[in-house]
Each structure stands twice: as structure tokens, then as C-alpha cells.
Amino acid sequence: MSSMDKIVSLCKRRGFLFQSSEIYGGLNGFWDYGPLGVELKRNVKEAWWQDMVTRHNELATPAGAPSSYEMVGLDCTIIMHPQVWKCSGHYDLFHDYMVDCKESKKRYRYDQVRGRWVEAKGKKIFVTALAEAEQEEAALQQRALKFFNLRGKDAESLVWHGPAVSLAEIKEFENVLAPDAKELGSLTTPREFNLMFKTIVGALGSEEDAAFLRPETAQGIFVNFKNVLDSSRVAIPFGICQVGKSFRNEITPRNFTFRSREFEQMELEFFCHPQNSRSWYEYWRNRRFDWYLKHGLPAERLRLREHALEEIAHYSCGTADIEYAFPFLPPGDYGELEGIAHRADFDLRSHMEGKLVKNAEGNLVVEMGADGKPRHRGSGRDMSYRDEVTNERYVPHVIEPSAGADRATLAFLCEAFQEDQAPDENGNMQSRTVLRLHPRFAPFKAAIFPLVKKDGMPEIAQELYGALKQKFPVFYDEKGAVGRRYRRQDEAGTPYCITVDGQSVQDKTVTIRDRDTLEQIRIKIDDVVAEISQRVQG
Ligand code: GAP
């Protein structure tokens with residue numbers, strides 16, 4: 001079993017994640033968070049919100065920031081005016097390329113189909129398979145053997161040419177064996193596919209009533225820029241944060257929750273003076289990278305990838321991705337957790353003037369339709385900002401750190417998952433599965449066990465449970481051997497287990513066991529709430 005298979009199985013067994021609508025066979029690309037998962041993901045989102053908004057001190061300058069700044073929040077609707085997506089560019093440009101298989105009737109994302117050239121019986125084909133990195137080689141071999149009508153013992157007669165590559169690198173489609181096909185050349189040429197989910201608003205149901213489920217939360221912030229400015233006393237530089245659902249009709253959702261069709265984003269749009277925008281970009285890029293480090297993703301599996309200039313949008317002067325080496329990826333590959341983009345004044349101007357394009361001189365201008373009118377008209381609302389001190393009027397520049405709540409949760413889960421050895425109640429070493437989650441993210445901060453269900457122990461444990469529950473989520477368990485109770489909490493990621501034993505009845509002390517070091521200390525019952533509070537605070 002690969003480590004990813006073990007993580008997926010633990011998630012189901014312990015109630016972190018379930019496939020959506022599982023009793024009906026599931027729905028591809030949709031996931032439900034169970035009792036432990038919902039707490040974990042809420043904790044990730046809450047930590048982000050606290051660090052960005054509620055705990056931010058606008059009177060002080062954080063380390064590395066160009067100046068002090070203000071932060072506020074927003075919660076806007078998932079369905080917005082369709083013109084929002086026309087001006088933002090999503091209506092025209094938010095697509096992936098897909099290929100259809102005429103034989104199997106399946107659809108694939110063009111760049112995600114991977115395969116390898118292989119030769120046998122005088123024929124050379126590009127054999128493909130959709131498989132996790134660890135199983136790719138075996139899956140390709142199996143498909144090639146089947147195609148050439150060979151047995152496993154004949155595997156050596158297959159001559160492989162070059163490493164596995166994406167279908168996007170292949171031109172000779174007539175020699176491609178599609179992932180679910182028996183014959184060659186069944187794939188269509190790549191076609192564009194818009195990723196926005198369409199819906200109908202109102203009872204009439206005509207095309208004019210078509211609207212979209214938002215593919216990002218960011219646009220809700222841009223279109224509310226003036227509302228926030230006019231209703232609160234914020235002044236530039238300031239940021240608006242939003243956490244919420246986004247929807248993308250991904251062609252091939254895959255890798256557990258990594259690429260889903262419904263997911264949550266945690267986005268900040270930070271508005272600043274154009275002159276300082278580069279320094280703010282660098283500040284947010286570094287600060288967001290440090291956030292993942294601080295919460296348990298190790299430097300050797302995390303990287304900050306600055307995009308090359310030719311990779312980034314023409315209006316931007318910097319984009320970086322924070323990436324993590326997810327266990328389902330081939331060694332050396334990383335998956336995106338968060339993108340930090342310098343978006344200049346592109347978004348505010350688009351919603352003011354209309355959809356923008358780059359002209360021959362490299363400047364952003366309103367795109368015109370064949371009728372000589374703007375292709376997608378803007379709101380006409382003034383999105384500029386007047387500095388009350390200098391009286392300068394300008395359209396602010398925007399830095400956008402855009403994180404995925406589900407991807408962050410998955411990365412913290414993958415990193416936390418470990419199998420090690422721990423002693424049972426007789427001191428014999430036994431293998432255990434443990435989630436070494438950061439205490440801030442752990443679904444339960446502590447578990448309370450009476451050693452036995454008698455001799456006054458449950459009464460003391462229940463009173464302590466009640467006191468701790470006022471402060472944070474804790475778990476009470478009096479069933480089974482204490483060793484087994486520890487194991488269940490280790491798998492749930494609970495950082496501390498508190499045991500009430502015979503001595504507790506005598507001297508009003510309890511033991512606290514640390515999930516990671518397995519160290520046990522004995523402290524006074526009256527000090528437990530303060531001790532756990534101090535240990536789990538972010
Ligand atoms: N407003 C900018 C924006 O949306 P993005 O790179 O498309 O940028 C930001 O998305 C983050 O949202 C990604 O880094 C990722 O964490 C998350 N995300 C995007 N698509 C996703 C999907 N299909 N499933 C899960 N998370 C996704």
C-alpha cells in the first residue's frame with residue numbers, strides 16, 4: 001500500500017473525508033468532510049483568518065512589511081452578475097484543453113494524460129495510462145502488454161523509448177493508445193473547455209438568465225472595493241480577505257481533494273500605491289511561505305517557485321507559487337498550494353472600463369468588438385482612490401495571495417501522517433499510526449480518560465472534561481484498554497491525552513501524555529486548563 005493509499009484509507013476510517021454521495025456511487029471531484037475533517041479544515045481556515053484579519057495589528061509594522069497596514073474581511077455571494085466574469089476575462093479565457101476518446105467516450109485533460117513510446121512486434125505506439133505516480137510504470141507496462149497481446153513473462157520484449165511524458169508533447173495522435181481504449185488513434189484533437197459551472201437564475205430559464213458559480217472568490221472583493229472603502233475608514237495600504245467556496249468544472253478531478261470541482265479558497269486582495277507594489281509583493285510572498293513552515297510543512301518538502309517573466313501575465317511584475325511535495329506526485333514534483341500574484345491595476349480597471357487586452361505597444365486597453373463597441377462593458381463606476389493627505393488620485397495596484405483551504409488541509413494531513421513505534425500498556429513496542437498535526441489544527445486539543453470506570457475516577461475526569469470543553473474541543477473516552485484509547489487519539493491527531501488514575505483520587509493530579517514525544521508529566525488538576533491552553537495556542 002502506498003503512503004497516499006494509507007492516508008486515504010485513514011481519512012475514510014476515522015471520518016476525515018468521504019466521497020460525496022457515496023451511497024449512490026459517488027460524484028467525481030466532490031468530497032465531504034466528516035466529523036474530524038470538518039474540525040481540521042475549520043481550524044486551517046480559522047488560523048488563516050486570525051493571522052490575516054482578527055489578530056492583525058494595524059498600528060504596528062510587521063517584520064519585513066514596507067509599512068503598517070489595515071485588514072478587513074468580506075463574505076460575498078457565490079453567484080454574481082454575469083458581467084463580472086465577462087470583464088474579469090473568465091468568460092473568454094478560463095478554459096483548459098481536453099481530448100475525447102471516441103472509443104471509450106471518456107474525456108481527459110490534455111496535459112494530464114501521460115504515456116510513453118514503446119515498441120514490440122515491429123510496431124511503435126504511445127501507450128498512456130491514468131495512474132498515480134508510484135503506479136505509472138506498472139500501469140503503462142500492463143497496457144502495453146495487453147495491446148501487443150503479450151504475457152507478463154514477455155515484458156522484456158517491450159522496447160521503451162524515452163521517459164513518460166505528457167500527451168501535450170505528442171503530435172502523432174494516430175499512434176496514441178488512449179487510457180481506456182483498445183485501439184490506436186481514438187483521441188480527438190484538443191479542444192477548449194470553459195471551467196465555469198453554468199446555472200440559471202429565476203423561473204424563466206432562458207439563456208439570458210444564465211449565471212455562473214464563481215470560479216474564484218477574488219472577483220467578489222474587486223467589485224466591492226468601493227463599498228468597503230466608502231463604508232469603513234480604511235486607507236491604502238489595506239487588504240480585503242475572503243474565505244469561501246469556489247467551483248471549477250475540472251476535466252479530470254484527481255489526487256483526492258487536490259483537484260476538486262467544489263473547493264474553498266482563502267484569498268487576500270491587498271491594495272497599495274503602484275510605487276510600493278513590488279515591495280508589498282515580496283512581503284506577502286515571503287510571509288505566506290513562512291505561514292506553511294510555521295504550521296509544520298518542512299522546508300525540504302516546500303518550495304517557493306518564482307514564475308519566469310514569460311510565464312506571468314503581461315500586466316504583472318511578479319508571480320510565485322508556494323508548492324508542496326505531495327506524496328501522490330513523482331519524486332521531485334511539487335503541487336501548488338497557493339499563488340501570490342502581483343496583479344497591478346488590471347482588475348479594478350477591468351470592472352471600471354471593461355475587459356482589457358494588451359495593445360501593440362504593450363499597454364492595457366479596452367478590448368473592442370466587431371461593432372466598434374467594448375467587447376464586454378465595465379460598470380462605469382469610478383474605482384480610483386484619492387489619498388486624503390497628498391490629494392493624489394490613482395487606481396491602486398493589487399497583490400493577491402490566493403490559497404486553497406482544501407489543498408492546505410490535505411498537505412497538513414499528508415505531512416502529519418506517520419507510522420512509528422510506541423509502547424503499549426505493558427511496555428512492549430507496537431507499531432502505531434499517528435497524525436502529528438500542529439496543535440492549532442488538531443480536531444481535538446486533548447482527550448480525557450479515567451484509567452478505570454470506578455473508584456471515583458470517572459467523576460474527576462468528567463469534571464475536568466467539562467472545564468476543558470469551555471475552552472476548546474476535547475474528547476472523553478472511558479471505554480477499553482488505555483493503550484487502545486491512546487492509539488485512537490494518535491490517529492485522530494489529538495496532541496495531549498490526560499489520564500485520571502488512582503493517584504488522582506489521592507492527590508488531585510493527572511498525567512498528560514504528549515502525542516509526539518510520548519513523554520508523560522504529572523500536574524495538578526487545577527493547572528490542566530492553563531497548561532493545555534498554553535500548549536495549543538497558535
Ligand atoms: N484568484 C486567483 C486564483 O484563483 P488559482 O491559482 O486559480 O488562483 C488559487 O487558485 C488556489 O486555489 C490554488 O493555489 C489552489 O490551492 C486552489 N485551487 C484551485 N483550483 C483548485 C481545485 N480544482 N481544487 C482544489 N483547490 C484548487
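Each ligand, and each atom within it, is numbered from 1 in the order the structure gives. Predicted model only: the values in this text are computed from it and were never measured.
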| note | protein heavy-atom neighbour closest to atom 11 (C) of ligand 1 works out as S402 O, 3.7 Å
| Residue and atom name of the nearest protein heavy atom (relative to atom 16 (O) of ligand 1), distance in Å to one decimal | L337 O, 2.9 Å
| note | Per-atom filter on ligand 1: closer than 4.0 angstrom to a heavy atom of E267 are 1 (N), 2 (C), 3 (C), 4 (O)
| said: List ligand 1 atoms under 4.0 Å from E400, heavy atoms only on the residue side. | reply: 1 (N), 2 (C)
| task | Would you please test E39 and Y33 for side-chain hydrogen bond (donor to acceptor under 3.5 Å, both in side chains) and show each step? | result | CA-CA 9 Å; E39 297 298 337; Y33 287 79; over 6 Å; no
| query | With a 4.0 Å cut-off, would you call R42 and E46 a salt bridge? | reply | no
| query | Without hydrogens or angle criteria, can the side chains of H342 and T319 be said to hold a donor-acceptor pair below 3.5 Å? | reply | no
| task | Check whether the side chains of S2 and D5 place a donor and an acceptor atom closer than 3.5 Å, and report yes or no. | result | yes
| Residue that, paired with H351, satisfies side-chain hydrogen bond (donor to acceptor under 3.5 Å, both in side chains) out of Q219, R381, Q83 | Q219
| query | Where is the nearest protein heavy atom to atom 17 (C) of ligand 1: which residue, which atom, and how far? | reply | G404 CA, 3.7 Å
| request: Using side chain to side chain donor-acceptor pair (under 3.5 Å) as the criterion, list what pairs up with S246, not counting sequence neighbours. | output: Q265
| task | Look at atom 24 (N) of ligand 1 and say which protein heavy atom is nearest, naming residue and atom and giving the distance to 0.1 Å. | result | S260 N, 3.0 Å
| said: What protein heavy atom lies closest to atom 14 (O) of ligand 1? Include the residue and the distance to one decimal. | reply: E336 OE2, 2.6 Å
| message | Ring of W291, cation from R288 - is the NZ or CZ under 6.0 Å from the centre and inside 45° of the axis? | response | yes
| said: Test of understanding: given a 4.0 Å heavy-atom threshold, classify the contact between R261 and ligand 1 as side chain, backbone, both, or neither. | reply: neither
| query | Looking only at heavy atoms, is any part of E338 under 4.0 Å from ligand 1, and if so is it the side chain, the backbone, or both, or is it neither? | reply | backbone
| task | Around atom 12 (O) of ligand 1, find the nearest protein heavy atom and jot down its residue, atom name and distance. | result | Q265 NE2, 3.2 Å
| note | Note: ligand 1 atoms sitting under 4.0 Å from heavy atoms of A218 are 1 (N)
| What protein heavy atom is closest to atom 15 (C) of ligand 1, reported as residue, atom name and distance in Å? | R407 NH1, 3.5 Å
| said: Between H56 and Y69, is the ring centroid distance below 6.0 Å? | reply: yes
| said: Give me the residue, atom name and distance of the protein heavy atom closest to atom 25 (C) of ligand 1. | reply: F258 O, 3.1 Å
| request: Only heavy atoms count here, so choose which of R248, Q219, E250 is nearest to atom 5 (P) of ligand 1. | output: R248
| message | Centroid separation under 6.0 Å, is that true for the rings of W31 and F18? | response | no
